[in-house]
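Structure record follows, encoded as structure tokens.
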Amino acid sequence: MPRALELPTAASRLARAGVLGRDIARLRFVNDAREEVLRRLHVGTVGDLLLRIPRRYLDFTRAYAIEQAPLGQVATIIGTVDKVVEKHPRPRMVVTQVFLVDATGVLQVAFFRQPWLSKQIQKGDRLAVMGKVEFAYGFKQMASPHFEKLDEGTFTGSILPVHPATEGLSAAWMRRLVSVALEDVDAFPDPLPARLRSRRALMPLSRALRCIHFPRALAEVPLARRRLAYDEVLYLQLALRLRNDANLLDVAPVAHVAGEHVEAMRHALPFALTDEQEAAARDILADMANGSHVMNRLLLGDVGTGKTAVACLALASAVDTGGQACVMAPTGVLARQYATGTGPLLEAAGISWALLTGATLAEERAGILRRLASGELDVVMGTHAVLSDDVAFKRLTLAVIDEQHRFGVGQRTALRAKGPGADLLVMTATPIPRTLALSLYGDLDVSIIRHRPVPGAGIATKVLDEANRDIAYGAIRSALEEGRQAYVVCPLVAERDDAEEELDDVPGLPRDDDGNVETTVPLHAVETEVEHLRHVFPQARVEALHGRMREAEKTAVIDAFRAGEIQVLVSTTVVEVGVDVPNATVMVIENGERFGLAALHQLRGRVGRGRHAGSCFVMAALKSKRGKKSPALERLRALERSSDGFELAEMDLRLRHEGEILGLRQSGGVTLRFVDLGADADLVEAAHEDALELLRYAHTLDAVATRPLRFEVVERYGSIFKEVSGG
């Protein structure tokens, strides 16, 4: 059982001297009710409070009188509430109108779908509003501006920070508590070594906290955020690396060799490796041969770039060393695809293998387990079934996990526990920007394959609206006449009464000026679409595939599709990985605006895999009722222009501002609050380099100079270590 990291008792004195480590209950103005609210927000110390930064700022240095406020521009205006009116222009629509006055005129402010504001805002209140100034019906107007009630004595500066509020704790009270905390903060030891701060031109932490909460000028805010963002990604990098160290305590790394099986595998491959594949193979085999540390490597490659061929060399190296290997995939579909594609290669290289999934028959399973335990079986490929307690290896020295983001940290740890000291190779076909890869897989070294060794016939992508559906159906009809096959991908399995309500949370849909979905977009469901397409293509066999089906049912459908017995496969995104049918040349994706670019790119990679060119049609709502372009159109047009998955992934990151470390949800909901992975690429790279340098200096950060850092890592990302210690 891996041991938990032990924290030196002196660390808290070094790292959080003064107020930062003080319990929130000891802060002035924190009564029982406010303490309860703060703890519900996971604010347990003053340091936690200071890391809840303002969500925006109202700049009173640019405040305008109502008469002077420029039309068509964003402006801040301060006025007194003269009247509050609530209107109901149509069912389920509430408009709260607030009339502000100052010595120069009247400003009409409209808030939509916020009926509580008519009680929250009263005549005589002082209000600061920030938004775009328009003119209509004789008044200057603002629609849905940012606003803040200016309570007496809560603010005296020229820039007003607006902190996140919650029930029982207003933004004004949050501002007051933060102000009190900062008053008590004198200079305290900065956990980041001065040399690193100087090299990266970062503010001292105490100054950054003051500037982020109460800046004297807005120009200070990005500099302060940069320091907090750097800390965040550095501590996460260190946490991930230290977690691996904790998992690998008391294990002896295996020094793998590349012998006759590796050589035989090279001869068995149907093509010579490309330069990128060779570089990745060298990285992996060198890591495996290094007996001083256990390999932790990510192999990142777009659809069809030949990651499996490189992985086969790693499997062969494990066998050359007298060990065994396990390949774990997230679905039975993908596991069976491995068996079909790599099984013959392993056999040609003299390597025994077996497939183990939840659908494996009891008698066959018993034989596989017996051969694994005796060492007779070299490689097992399977799903989560390989994690079962009764699956025991004689000597597991290599674990390969495909589509790693679909597994939790605990599952990765459970597989490695079956072979203490086993090397780990994780793979993904989902193109990931380097900044996201460094964060999501910060504990792994990264090898990237960008180009396909066999380009294939290619894929033409076209984005269509409902009026042009006949183009997509015409392509399917032509493909069927030529003996080809087609996919139709839907976002839902079955129609639901509440499906349209979900649209409010879907990014990229056409919306009105109030932010509400303006058009009714029908959500396509597999079960309904199958019946519809059977009428559209009566000459074809149309069948369904989705995650609710039993494993045996899914296997039967995929086998029939692969054999050409099914001509049109209507599916959810379960076909995103692992389904390889070269005869399928057309894909239609319904409700394309519901998917990110990476998912759309993965899906279209199912066609054009053989000698026949593929066509992908993305059906999407391109305009609203008012004829405005859909916000989703930009990223969908990018899909038409580019076939480079990495380029699309970078664009997806910029457009959607992905700020959450998705792969760590199983580890206590770790998120990045300060880092913008699209804009902070240099910061992420710098933190990655610095984390490696710090760990080379002090492998577990237990040197006197790095103990404050170690304390911060455990304080912020302690949930990661709970899985290690079983806490």
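No hydrogens, no waters, no symmetry mates; every other heavy atom, side chains included, goes into these values.
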Would you please test His163 and Arg52 for side-chain contact (heavy atoms from CB on, under 4.5 Å) and show each step?
CA-CA 8 Å; His163 290 81; Arg52 286 185 62 82; 5.8 Å; no

Taking it one step at a time, do Leu160 and Arg175 satisfy side-chain contact (heavy atoms from CB on, under 4.5 Å)?
CA-CA 9 Å; Leu160 178 72; Arg175 191 159 50 241; 3.5 Å; yes

Glu689/Arg199 under salt bridge (Lys or Arg N to Asp or Glu O under 4.0 Å): CA gap, chis, key distance, verdict:
CA-CA 12 Å; Glu689 293 174 8; Arg199 180 200 299 174; 5.9 Å; no

Carefully, step by step, assess Lys119 and Glu86 under the rule salt bridge (Lys or Arg N to Asp or Glu O under 4.0 Å).
CA-CA 10 Å; Lys119 297 178 181 177; Glu86 188 175 287; over 6 Å; no

So Tyr235 and Leu709, side-chain contact (heavy atoms from CB on, under 4.5 Å) or not? Walk me through it.
CA-CA 8 Å; Tyr235 296 157; Leu709 275 177; 3.3 Å; yes

Intermediate values then yes/no, side-chain contact (heavy atoms from CB on, under 4.5 Å), Lys462 and Asn468
CA-CA 11 Å; Lys462 185 68 177 175; Asn468 293 301; over 6 Å; no

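Without hydrogens or angle criteria, His213 side chain to Leu50 main chain gives a donor-acceptor distance under 3.5 Å. Looking at Asp48, its side chain does come within 3.5 Å of a backbone N or O of Thr45 through a donor-acceptor pair. Put simply, the side chain of Lys140 gets close to the backbone of Ile66: a donor and an acceptor are under 3.5 Å apart. At distances below 3.5 Å, at least one donor-acceptor pair connects side-chain atoms of Glu232 with backbone N or O atoms of Val675. Panel note: side chain Glu640, backbone Val463; a donor-acceptor pair is recorded below 3.5 Å.
Dense packing is recorded around CZ of Arg34, with more than 12 heavy atoms of other residues, nucleotides or ligands lying under 6.0 Å away. The environment of CG in Asn31 is crowded: more than 12 heavy-atom neighbours from other residues, nucleotides or ligands sit within 6.0 Å. The 12-atom threshold is exceeded at NE2 of His88, counting heavy atoms of other residues, nucleotides or ligands nearer than 6.0 Å.
For the pair Lys149/Leu127, a side-chain contact is recorded, criterion being any heavy-atom separation below 4.5 Å from C-beta on. Cys490 has its side chain within reach of Glu590: a pair of non-hydrogen atoms, C-beta onward, lies under 4.5 Å apart. Taking the side chain as every heavy atom from C-beta outward, Met142 and Val133 approach each other to under 4.5 Å. In this structure, Leu492 and Asn591 have side chains that are not in contact, with every pair of non-hydrogen atoms separated by 4.5 Å or more. With a 4.5 Å cut-off on side-chain heavy atoms, Leu38 and Leu177 count as touching. Within the 4.5 Å cutoff, the side chain of Leu192 has heavy atoms near those of the Leu234 side chain. The side-chain heavy atoms of Leu523 and Arg594, taken from C-beta on, include a pair separated by under 4.5 Å. Residues Ser179 and Glu183 are in side-chain contact: their nearest non-hydrogen atoms beyond the backbone lie under 4.5 Å apart.
Of all heavy-atom pairs between Ala110 and Val95, the closest is CB-CG1, 4.3 Å. The two atoms that bring Glu67 and Thr104 nearest to each other are N-OG1, 3.0 Å, heavy atoms only. A pairwise comparison of heavy atoms in Ala181 and Leu27 identifies CA-CD1, 3.9 Å as the closest pair. Residues Met130 and Tyr57 share a closest heavy-atom pair of CE-O, 3.7 Å. Between Thr96 and Ser118, the shortest heavy-atom distance links the atoms CG2-N, 4.1 Å. Taking all atoms of both residues into account, the shortest heavy-atom contact from Leu58 to Ala128 is CD1-CB, 3.8 Å.
Glu36 meets the side-chain hydrogen bond (donor to acceptor under 3.5 Å, both in side chains) test with no other residue; sequence neighbours excluded. Contacts of Tyr230 classified as ring pair (Phe, Tyr, Trp, His ring centres under 6.0 Å), with partners at least two apart in sequence or in another chain: none. Contacts of Lys132 classified as salt bridge (charged side-chain N to carboxylate O under 4.0 Å, His left out), with partners at least two apart in sequence or in another chain: Glu134. Annotation: salt bridge (charged side-chain N to carboxylate O under 4.0 Å, His left out) contacts of Arg56 (sequence neighbours excluded): none.
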Table please: side-chain donor-acceptor pairs of residues 215-228 below 3.5 Å, with sequence neighbours left out.
unit_1 : atom_1 : unit_2 : atom_2 : d
Arg216 : NE     : Glu220 : OE2    : 3.2
Arg216 : NH2    : Glu220 : OE2    : 2.9
Glu220 : OE1    : Arg216 : N      : 2.9
Arg225 : NH1    : Phe674 : O      : 2.7
Arg225 : NH1    : Asp680 : OD2    : 3.1
Arg225 : NH2    : Asp680 : OD1    : 3.2
Arg226 : NH2    : Asp682 : OD2    : 3.1
Arg227 : NE     : Asp231 : OD1    : 2.9
Arg227 : NE     : Asp231 : OD2    : 3.1
Arg227 : NH1    : Asp190 : OD2    : 2.9
Arg227 : NH1    : Met203 : O      : 2.8
Arg227 : NH2    : Asp190 : OD1    : 2.8
Arg227 : NH2    : Asp231 : OD1    : 3.4
Arg227 : NH2    : Asp231 : OD2    : 3.2

Quiz: residues 68-83 side-chain donor-acceptor pairs under 3.5 angstrom, not counting sequence neighbours:
none

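Considering CG of Leu238 and NE2 of His688, their distance stands at 11.0 Å, rounded to 0.5 Å. Atom CZ of Phe147 sits about 4.5 Å away from atom CD of Gln120, to the nearest 0.5 Å. Note that CE of Met174 is 5.5 Å distant from CG of Leu169, once rounded to the nearest 0.5 Å. We find the CD1-CG distance between Ile589 and Leu603 to be 5.0 Å, quoted to the nearest 0.5 Å. Once rounded to the nearest 0.5 Å, the distance linking CZ of Arg604 with CZ of Phe617 reads 13.0 Å. The structure places CG of Leu683 at 7.0 Å from CG of Leu202, a figure rounded to the nearest 0.5 Å.
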